[in-house]
Amino acid sequence: MTEAAFWSDLTDRGMVQQTTNETMGDWIASQLGSNDELTCYCGFDPTADSLHIGSLLPVVGLRRLKNAGLKPIALVGGATGMIGDPSGKTTERTLLDADALDANVKGIGGQLETLLEGTAGQDFLMVNNYDWFGDIRFVDFLRDVGKHFSVNMMVAKESVRARLEDRDHGISYTEFSYMLLQAYDFLHLFETHGCRLQVGGSDQWGNITAGIDLIHRKHHGEEIEGITFPLITTSSGKKFGKSEKGNIWLDRKRTHPYFMYKYFFDTDDADVVRFLKCFTFVPLEEIGGLATSMETEPHLRATQKALARQVTGMVHGAETAEACAGLEPAMHHDDVEAFEKHAETLGLLDPSSIGSEESSTDLPVVHRPLSELQGEGLLAADLAIACGLFKSKGEVRREVGSNSGFRIDGKPVESFDYRITSQLLGSRRVLQIRKGKKNKRMVCFHG
RNA sequence: GGAGGGGUGCCCGAGCGGCCAAUGGGAGCAGACUGUAAAUCUGCCGGCUUAUGCCUACACAGGUUCGAAUCCUGUUCCCUCCA
């Protein structure tokens, strides 16, 4: 892809929210065309030891820049993380201690290596701003950085103003200072790595421009630019990246890959093309074809499948994504053979490997001892509740009655007292229970 | 510090001595329709070994009453106005 094509691709994908330069595409092309390299950076907040899909967009954006030939720097905010960015936040942040931050920086660092498809230090640079903030002296900082900031200007920034106007929460001096730290990051990266472009989410606009201003004051005449990516929203008004269970994390220990796959698979028609453009590297022409397919043969759900597979693959690897893509229809069509094959790949068939994870009751697979079915058998309602399918016996009662939403192997459970016996299982090991059409569990019995 | 107003189920929001497990809306779940979509329509929507039953619940702790989410007292949190 040529430099010019890169920029039009980026804008066509709806990835560009704001730019500091009206002809940003030309500027980037000219920078890349000249002997100079163009280095860009994007910061990530180490608020947890994993990113979630809500912060996926900037990472993907950075990777696009990398693909276009820019030298990316991923900055993990070990120092700024101790302060807390007030941008887009309505309440004061709780401060993390150094150990937790350190663990978070490590966790996120590993994920960035995967997502940026490279090794840190080689294909891209990974820095931690604690390295230069750790022992900077307060007095020096005030002299060298603080002097260049006008409080009047800072107060006018949207992120600060919102909090000043909120009488309930206000803003602490610490968070108020955040902007200076991020501005200094940019300055530091400019001075040490010649970084002249910062990118980030749309809530970073104020911080990015603050950094540009600071560099201008210190280094007259330099061309320093910034780009922000849009905030991803859903057409239904729900927050993108949140399921009923909470955030969709990139860490498979927090969110099983199958959930991630399913989350994207369930994307609303109204959103799926937009997401496909932003989150994946599928060529735009191909996305156009998928969009057409959604109109002419919607039942195939090709668009959703492509999105789910691409994103899951990017985060968890192609093999996992393929297994998820196989498991989904197996679950949907109650195909036990296909289920076992793909669940095996996903490590879902080994009862010892799962069960301790936080969301194990929500996994599509549960394991039970075969002995439970002996004698009178197991009360179906108890099993369904243990799987997290129903939340109380009362709910089971309601379902078995009128419209029989509770089914075992596709057959409606007629009465609340129904028991599952080894006779029902026969020679099989897996049995499927479900609530309605969407909520299913494959129950594996182990002898 | 002074004066008012308020904290109700997942969320919003009625109720203001018994008919209240509590109107209504949203969310959620199920059913119909469909494309494993959206929209729409219908039902459910605190828990309990099967229920003209019991328990838990209307900020917290007490009290008045045959009986309180509804009245009284104290505590606590929030909002508005004044200083």
Side-chain angles (χ1 to χ4, degrees), chain A residues 90-92 165-170 233-247 258-276 287 289-309 312 324-335 338-339 342 359 361-362 364 376-408 410-420 432-442:
Chain A
T90 52
T91 55
E92 182 84 9
E165 285 168 3
D166 184 346
R167 302 172 76 186
D168 288 353
H169 300 294
T233 55
T234 63
S235 58
S236 66
K238 283 183 204 151
K239 265 201 182 118
F240 169 74
K242 294 233 179 185
S243 71
E244 291 306 307
K245 276 92 192 172
N247 283 329
Y258 180 71
F259 280 133
M260 178 184 286
Y261 182 89
K262 200 73 170 64
Y263 180 84
F264 283 103
F265 183 88
D266 288 335
T267 301
D268 202 308
D269 283 10
D271 298 321
V272 66
V273 170
R274 187 161 47 97
F275 289 0
L276 208 47
I287 294 178
L290 287 164
T292 309
S293 149
M294 191 163 65
E295 282 167 30
T296 55
E297 39 189 13
H299 54 284
L300 296 181
R301 297 182 70 79
T303 329
Q304 275 87 348
K305 282 179 186 168
L307 174 67
R309 197 166 174 141
T312 311
C324 290
L327 188 64
E328 195 286 321
M331 292 293 291
H332 185 64
H333 297 114
D334 313 335
D335 181 343
F339 160 78
H342 298 294
S359 62
T361 54
D362 296 320
E376 288 200 319
L378 178 63
L379 189 66
D382 283 335
L383 177 64
I385 292 166
C387 296
L389 210 50
F390 287 83
K391 59 179 195 289
S392 71
K393 289 184 178 175
E395 194 190 353
V396 177
R397 278 207 164 76
R398 278 174 235 128
E399 282 311 326
V400 287
S402 49
N403 36 27
S404 61
F406 181 22
R407 287 165 185 253
I408 294 177
K411 287 197 263 330
V413 175
E414 305 287 350
S415 120
F416 175 81
D417 302 309
Y418 183 79
R419 288 178 169 276
I420 301 165
Q432 187 230 48
I433 61 173
R434 64 192 240 208
K435 178 174 74 170
K437 289 169 190 148
K438 293 178 205 157
N439 299 294
K440 307 189 175 197
R441 297 285 188 274
M442 294 302 233

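When reading the values below, keep in mind they use all heavy atoms of this one structure, side chains included, and skip hydrogens, waters and symmetry mates. Values in this document were obtained by computation on a predicted structure and should not be read as measured data.
Contact annotation: A/K437 side-chain N/O to B/rA32 OP1/OP2 distance is under 4.0 Å. Contact check, A/S392 against B/rC48: a side-chain N or O comes under 4.0 Å of OP1 or OP2.
In this structure, A/D417 reaches neither bases nor backbone, as no heavy-atom distance under 4.0 Å exists between it and the strands shown. Within the 4.0 angstrom heavy-atom criterion, only backbone atoms of the sugar-phosphate kind lie near A/D268; the bases stay farther away. When heavy atoms are screened at a 4.0 angstrom cut-off, A/F416 is found touching no nucleic acid atom at all.
Closest to the side chain of A/R301, out of B/rG35, B/rA30, B/rC44, is B/rG35. Relative to the side chain of A/Q304, the nucleotides B/rG35, B/rG47, B/rC29 differ in distance, and B/rG35 lies closest. The side chain of A/P298 lies closest to B/rG35, out of B/rC29, B/rG35, B/rC45. Among B/rU49, B/rC45, B/rU36, the nucleotide with an atom closest to any side-chain atom of A/K262 is B/rU36. Which of B/rG47, B/rC29, B/rU50 sits closest to the side chain of A/R397 comes down to B/rU50. Counting only heavy atoms from C-beta on, A/K438 has its side chain closest to B/rA37 among B/rU36, B/rA37, B/rG47. Proximity note for A/D269 (side chain, C-beta onward) versus B/rC29, B/rA37, B/rC48: the nearest is B/rA37.
A/Y418 and A/F406 have their aromatic ring centers separated by at least 6.0 angstrom.
RNA chain B forms stems at B:1-7 with B:76-82, B:10-12 with B:24-26, B:28-32 with B:40-44, B:46-48 with B:53-55, B:59-63 with B:71-75, each a run of 3 or more consecutive Watson-Crick or G-U wobble pairs whose two key distances fall under 3.5 Å.
Taking the P atoms as reference points, B/rG7 lies 11 Å from B/rU70, given to the whole Å.
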Full working for side chain to side chain contact (heavy atoms under 4.5 Å, CB included) between A/T267 and A/F240: CA-CA 10 Å; A/T267 301; A/F240 169 74; over 6 Å; no
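Atom NZ of A/K393 is separated from atom P of B/rC48 by 8 Å (rounded to the nearest Å).
Evaluation of atom-type donor-acceptor distances gives a pair under 3.5 Å for the side chain of A/E328 against the base of B/rU36.
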